Amino acid sequence: MRFDDRRQAGALLGQRLVELAPTNPVVYALPRGGVPVGFEVARALRCPLDVMVVRKVGVPYQPELAMGAVSEGGVVVRNQEVLDIAGIPERVFAEVARRELAEVERRVAAYRGRSAPIDPTGHTAIVVDDGLATGSTALAAVEVLRQKGASAVWLAVPVAPAGPLGELESKTDRIVVLSRPSMFGAVGAWYRDFSQISDQEVRDLLAASRLA
């Protein structure tokens, strides 16, 4: 299945989620590409939309390998297994985490402005993106929402590779994917329009969702 654009993909994903009837949902979209998708999902579910700004804390000599994650409000998640295997001292982890937290706060200000984040406590938190590639950012978001007190955490995306999704399958309560192509490639290959989303578009969609 190829999607016209992120909004159309989000509308289809929203229809699927309505059928699954999550309890007390809140949609947390991963900026920037996940926000148009999340906007349509939240509209279908008639629930709030927020962004989940997460940054991986990468091993210094292998940045794509996450030794943890950070989120707004100073939330820090450690991947102790990676820390132990990589032999990363606490001072090194703390320094990388500090840099990533600064970038998180910069992006939060760019996307949400002065609006307060939505507390996931007691909600089904639905993490939404425009697709999964490695899944590392989505996994970080899932772990942060767990730590913040979500009663359940779902992951919903229009497209993801066929086959097992690793840790995501064990750390989420439900994964919803519309299309699982065997020859995956890149997320953008499954959209006719995969234009870059600007910070202003993120702000506009969040504002429109609050007014809906």
Side-chain angles (χ1 to χ4, degrees), residues 22 24-35 37-38 41-42 47-60 62-86 88-129 132 134-157 165-175 199 202-203 206 209-210:
N24 199 17
V26 175
V27 172
Y28 291 90
L30 300 183
R32 288 173 289 194
V35 177
V37 182
V41 170
C47 75
L49 169 69
D50 202 353
V51 287
M52 171 52 63
V53 184
V54 175
R55 296 280 292 179
K56 287 184 297 181
V57 179
V59 172
Q62 192 175 347
E64 286 304 309
L65 178 59
M67 57 182 176
V70 295
S71 180
E72 59 192 278
V75 175
V76 179
V77 176
R78 287 171 169 77
N79 186 326
Q80 197 59 50
E81 183 179 1
V82 172
L83 287 167
D84 291 343
I85 291 172
I88 304 296
E90 175 58 26
R91 61 177 177 78
V92 173
F93 177 87
E95 174 59 23
V96 179
R98 184 192 64 78
R99 292 200 303 267
E100 296 298 348
L101 277 169
E103 179 62 16
V104 164
E105 296 305 323
R106 185 195 71 78
R107 293 189 181 205
V108 166
Y111 300 146
R112 193 188 290 121
R114 296 183 180 180
S115 298
I118 299 173
D119 185 353
T121 302
H123 291 276
T124 298
I126 304 176
V127 177
V128 173
D129 205 356
L132 286 182
T134 65
S136 56
T137 305
L139 180 60
V142 166
E143 292 180 344
V144 167
L145 287 163
R146 288 278 190 214
Q147 186 166 316
K148 285 188 170 186
S151 59
V153 183
W154 294 17
L155 173 64
V157 294
L165 293 175
E167 281 187 274
L168 284 167
E169 294 178 326
S170 62
K171 294 192 174 181
T172 54
D173 296 284
R174 186 186 288 268
I175 297 178
D199 288 352
V202 171
R203 288 191 291 268
L206 289 174
S209 182
R210 286 193 292 270

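What you see is a predicted model; the values in this text were computed from it and never measured.
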What are the two closest heavy atoms between [X] and [Y], and how far apart are they?
X      : Y     : value
Met67  : Gly58 : CE-O, 3.2 Å
Glu105 : Gly74 : OE2-N, 4.4 Å
Gly38  : Ala29 : CA-CB, 4.3 Å
Ile88  : Pro60 : CD1-CD, 4.1 Å
Pro25  : Pro48 : O-CD, 3.7 Å
Val27  : Cys47 : CG2-SG, 3.7 Å

Using modelled atom types only, decide if a donor and an acceptor are shared between the side chain of [X] and the backbone of [Y] within a distance under 3.5 Å.
X      : Y      : answer
Arg55  : Leu101 : no
Asp50  : Ile118 : yes
Glu100 : Val96  : no
Ser151 : His123 : yes

Reported [atom1]-to-[atom2] distance for the pair [X] and [Y], which is rounded to 0.5 angstrom:
X      : Y      : atom1 : atom2 : value
Arg107 : Arg112 : CZ    : CZ    : 14.0 Å
Ile85  : Gln80  : CD1   : CD    : 10.5 Å
Ile126 : Tyr28  : CD1   : OH    : 10.5 Å
Leu132 : Leu168 : CG    : CG    : 6.5 Å
Leu165 : Leu139 : CG    : CG    : 11.0 Å

Taking side chain as C-beta onward, heavy atoms only, is [X] less than 4.5 Å from [Y]?
X      : Y      : value
Leu206 : Leu49  : yes
Arg78  : Glu90  : yes
Ser115 : Arg210 : yes
Met52  : Leu30  : yes
Gln147 : Val144 : no
Leu155 : Val153 : no

Can [X] and [Y] be counted as an ion pair, charged N to O under 4.0 angstrom?
X      : Y      : value
Asp199 : Arg32  : yes
Arg99  : Glu103 : no
Arg146 : Asp173 : yes

Requested in this report: Determine, stepwise, if the pair Val76 / Val70 fulfils side-chain contact (heavy atoms from CB on, under 4.5 Å).
Outcome: CA-CA 5 Å; Val76 179; Val70 295; 4.0 Å; yes

